[in-house]
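What follows is a single structure, written as structure tokens, with notes after it.
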Amino acid sequence: MSDVIYNFRAVEKKWTKFFAQYSISNEELIQNQDKKAYILEMLPYPSGSFHMGHVRNYTIGDVVARYQKMLGFTIIHPMGWDSFGMPAENAAMQSGGHPKTWTEANIEDMKKQLKPLGYMYDWQREISTCSVEYYTQEQKIFLDFYKKGLVYRKKSYVNWDPIEQTVLANEQVIDGKGWRSGALVEKKMLEQWSLRITDYAEELLQGLKELEGHWPDNVLKMQENWIGKSEGAIINFEVINSDEKIAVFTTRPDTLFGASFLAISPDHEFSQRIASKNEEFAEFIDECKKIATTEESIEKAEKKGKFTGLYVKHPVVEDLQLPIYIANFVLMDYGTGAVFGCPAHDERDFEFAQKYNLPIKRVIDSVEDLPFTGDGKLINSEYLDGMSVEQAKIYMINRLQELNIGTKKISYRLRDWLISRQRYWGCPIPIVHCENCGAVPAELPVYLPDDVSFDSKGNPLANHPTWKFVKCPKCGNNALRETDTLDTFFESSWYFLRYLCPNFNEPIDKKVAEVAMPVDLCIGGIEHAVLHLLYARFFVLALRDLGYIDCKVPFANLLTQGMVCHKSYKNTEGEWVYPDEIEKLPNGKLIDKNGIEVFECAFEKMSKSKKNVISHQKIIDSHGVDAVRLFIVSDTPPEKDFSWNTDALDGSWRFLNRVWKVFNKVLQKVKENKEGADTLIKTSHVYLKKIKESYDDIALNKSVAFAREFFNEIERNLEMESASSLKFAFECFIKAIYPITPHIAHEMFEKLTNAADPLQNALWPEINEDLATATKVTIAVQVNGRLRGTFNIEKDTEDSVLEQTAKNILKDSINLENIEKIIVVKNRIVNIVVK
RNA sequence: GCGGAUGUGGUGGAAUUGGUAGACACGCAAGAUUUAGGUUCUUGUGAUCAAAAAUCGUGGGGGUUCGAGUCCCCCCAUCCGCACCA
């Protein structure tokens, strides 16, 4: 019986080779366009280290792709590399190599690590965003955006990452720090390239509604908040003794009668002008800026203002003048950079008014203390008196418009996407700056030069001795190339379209995109909720308006998989310790390999820095790929955080061995053509249905649980069943687990059916609905809602019979005369209510 | 501060959407075969109780209902996102 031992090494090696050959041509795709499924996992950055988070992400994707294939879909399932970016440049600076060689070596390395996992990727579609083929096509898109007016250059305060030595987009600043470097971001006045994502603010917001139920709610909410729409009005305040006006944005025009001051941003034009003439104000403004950048928690920052000595006229109250303050809490890049203060009904204005002794006038009635921000009847507001807040807003806006001093206005929190980076390892922005012609589109392609030096500070492209000196494509005069490169999120905003035509001579092949888009399921981490996922939505809309594609959504469905977590450990010397280097002493104490005592720390995301990682390579060697794949989708739903548990991994390994053992017994019985019962036929249909429903919901932990139940049933009936029934049931079981454990499934399928066609081309077994529904049901018998017993009976038995059966069961324990009421729910319960 | 999510055995998690709470696993305990492989196989395992019976039990407290993990109200805790957004 030596064949009973499952040799996962040999079996997995055999089938992995086969899986690597999977490919679907665009011709096939177009032929089968009615039944396509585009399954996409967010493409990885080739850092060189493939980790458990990748394994989980790609395993979930692979299971879905293989399952969908069984449903008869033509599957687009590509993989590629998000290969531009800072780490390559940092590595080059540290070790003296070249970002290109570093990146390419990493891709090779990661591919080597990826292949043994048996994923069904279409490697014919592989892309690498740092390749000439990719980024030169991207330059065409950039210039189309430019010609359409979607790209512009403007001087403004931008986020500067002092470690990466480049600017960042707002989305890339998390808690005031650079998203990758973690460095405190500084504000700098620089001239930078931006994309007009704000032109699409409303459509991006509206688009969220269509994604409801298809994208996780928290992602939709995060994007909604990020776009941050608010409706209000612009009101113009006349400056006394001047013909100037200051425009103010407010969402509370109803509180205008309660206004007692005007506050403007230190960066406001008006402030700047005052500062340029007055040293004292210049100092104050400088001080404000320091607070804005150095103070981590803005909550702690004190509200500060400086009276300009100037006043504005209250727009609707005769003879009322409001002082103008320069105030540190007013942001320049939201609204107009100026606000009117109504201290009675705004917490911040209240604090400010108290500090500077400004009038506080209640205009909304309420028993509550000031500041009061809720709803109520307007008071002290002339014609608004008696109205609700909502009514007063509408009335006031109309009034302002009639008087020609204000207009209705919708503001968004979303800012334009700053896309230029002062780095080498990115796509060159194809623009030439000419003294005569200004910014001119460069002749394409613009290649990234290889011969750069990382020795000196700053952007290696700008430091290159010759690269930037060119002739103007328009007038032929000497001109300078743009030396900034594109934000790498630019690449990841359209890669899913390039997979569809990796070698096409234009960026996007419309006829393929028409068939393949949108992506049916995108799987990735939640960390991209407002980065990649917002940019990709924007790109698709912009590309649609440029005529590249017809769809308006990049990803029809989104699954954000949870993190892979493990307990982290520190020794008494404060060093992190790898979990597999820890030994447990008989007294329960933990020690590391040097005998130093170790303590358990938090349960957190696996990360190299905390050493709480498990090497996927090691566990694949010891347990096999299928066991790892099975384990990683068992127990925990894909969207939840996953806690690593090596014991449970052993359980998956044991299960596969058990499967192999039972399989060999089944094989034997099939060979013997044994007679017997055929109860497993029905069992198979029951479980196929349950397992299928779980796959449909991507509740893979449930698919596994039901598949195990199914297997337990087969094992239990092994001796009594007929050969034909056993064969049928086991074939169903193989198909049911195939998406998760494809190697062992293929091996068993081949041996059981002698099929020439591999399992990969098999379809999900047809489910006989009659057989899939139970014919017997268990009825619960309750007294006053408490369980008192159960009985089995034919499905759909009449209520009266159920009632009588329940009474018979209870006749000794309750007095039937005391029955007040009997509730019968068909196929479920009988509840007898007694006094 | 605002917004969102989550809370079920020792652990990961199920629960037909208001109808037998704890499926399926992990762990643990007892036993069997013996294994020379990280075994395998029985049985048990929410708590209280020697046990049956019974009672309690889905973060806490109320409520609706014949019946609540599920619906409603009020708290608490944890996590995440945004954060001077006018």
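Below, read A as the first sequence line, B as the second, and so on, with proteins coming before strands; counting in each chain starts at 1. What's counted below: heavy atoms across the whole structure, side chains too, no hydrogens, waters or symmetry copies.
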Problem set entry | Base-paired stems that RNA chain B participates in, counting runs of 3 or more Watson-Crick or G-U pairs under 3.5 Å | B:1-7 with B:76-82, B:10-12 with B:24-26, B:27-32 with B:40-45, B:46-48 with B:54-56, B:59-63 with B:71-75

Problem set entry | Residue met sooner reading RNA chain B from 5', once A:D650 and A:S643 are mapped to nucleotides | A:S643

Exercise. What pairs with A:N218 under side-chain contact (heavy atoms from CB on, under 4.5 Å), at least two apart in sequence or on another chain?
Worked result: A:P216, A:I526

For this session: Name the nucleic acid region contacted by A:R788, choosing base, sugar-phosphate or nothing; use a 4.0 angstrom heavy-atom cut-off, strictly under.
Result: sugar-phosphate

Problem set entry | By salt bridge (Lys or Arg N to Asp or Glu O under 4.0 Å) - contacts of A:D580 (at least two apart) | A:K618

Can you tabulate the close N/O pairs, meaning under 3.5 Å, that link protein atoms to atoms of nucleotides 63-70 of chain B?
from, atom 1, to, atom 2, distance (Å)
B:C66, OP1, A:K821, NZ, 3.4
B:C66, O2', A:N831, ND2, 3.3
B:C66, O2, A:N831, ND2, 2.5

Exercise. Do any of residues 253-262 of chain A sit with a heavy atom less than 4.0 Å from RNA chain B, and if so which?
Worked result: none

Exercise. Cation-pi between A:R708 and A:F655: NZ/CZ under 6.0 Å from ring centre and within 45° of the ring axis?
Worked result: yes

Exercise. Across the strands shown, which category fits A:S652 at heavy-atom distances under 4.0 angstrom: base, sugar-phosphate, nothing?
Worked result: nothing

Would you tabulate the nitrogen or oxygen pairs shorter than 3.5 Å linking the protein to nucleotides 28-36 of chain B?
none

For this session: For A:E368, check side-chain contact (heavy atoms from CB on, under 4.5 Å) against everything at least two apart and list the hits.
Result: A:S366, A:F372

For this session: Side chain of A:V825 only, please: which of B:G38, B:G19, B:U20 is the nearest?
Result: B:G19

Exercise. Can you tell me how far C1' in B:A53 sits from the matching atom in B:C41, rounded to whole Å?
Worked result: 33 Å

Exercise. Expressed as a whole number of Å, how far does the P atom of B:G38 sit from that of B:A47?
Worked result: 32 Å

For this session: State whether the number of non-hydrogen atoms from other residues, nucleotides or ligands found under 6.0 Å of A:E794 atom CD is greater than 12.
Result: yes

For this session: Please identify each residue that fulfils ring-ring contact (aromatic ring centres under 6.0 Å, His included) with A:F8, with sequence neighbours left out.
Result: none

Using a cutoff of under 3.5 Å, can you pull out all pairs of nitrogen or oxygen atoms linking the protein to nucleotides 14-18 of chain B, with atom names and distances?
from, atom 1, to, atom 2, distance (Å)
B:A14, OP1, A:N701, ND2, 3.4
B:A15, OP1, A:K702, NZ, 2.5
B:U16, O2, A:R828, NH1, 3.3
B:U16, N3, A:R828, NH1, 3.2

Exercise. Cut-off 3.5 Å, side chains only: do A:T778 and A:N792 have a donor facing an acceptor?
Worked result: yes

Exercise. Taking O4'-C1'-N9-C4 for purines and O4'-C1'-N1-C2 for pyrimidines, is B:U17 syn (within 90° of 0) or anti?
Worked result: syn

Problem set entry | Presence of A:R654 side-chain N/O under 4.0 Å of B:C26 phosphate oxygens OP1/OP2 | yes

For this session: Check the side chains of A:N328 and A:K303 for a donor-acceptor pair under 3.5 angstrom, ignoring hydrogens and angles.
Result: no

For this session: Report yes if a side-chain nitrogen or oxygen of A:R786 is closer than 4.0 Å to either non-bridging phosphate oxygen (OP1 or OP2) of B:U20; otherwise report no.
Result: no

For this session: Would you check if there is a donor-acceptor pair between the side chains of A:W226 and A:E171 at a distance under 3.5 Å?
Result: yes

Exercise. Is A:T636 touching bases, backbone alone, or none of the nucleic acid, heavy atoms closer than 4.0 Å?
Worked result: sugar-phosphate

For this session: Using the P atoms only, state how far B:A68 lies from B:G57, rounded to an integer number of Å.
Result: 11 Å

Seminar exercise, completed: Applied to residues 639-659 of chain A, the salt bridge (Lys or Arg N to Asp or Glu O under 4.0 Å) test, sequence neighbours excluded, yields A:R658-A:E715

Exercise. Is any side-chain nitrogen or oxygen of A:R708 closer than 4.0 Å to OP1 or OP2 of B:G13?
Worked result: no

For this session: Can you sort out the partners of A:K306 under side-chain contact (heavy atoms from CB on, under 4.5 Å), two or more places apart, ordered by chain and number?
Result: A:E280, A:F281, A:F284

Exercise. In whole Å, what separates the C1' atom of B:C73 from that of B:U64?
Worked result: 11 Å

For this session: Sequence neighbours left out, what passes side-chain contact (heavy atoms from CB on, under 4.5 Å) with A:T646? Give chain and number order.
Result: A:W644

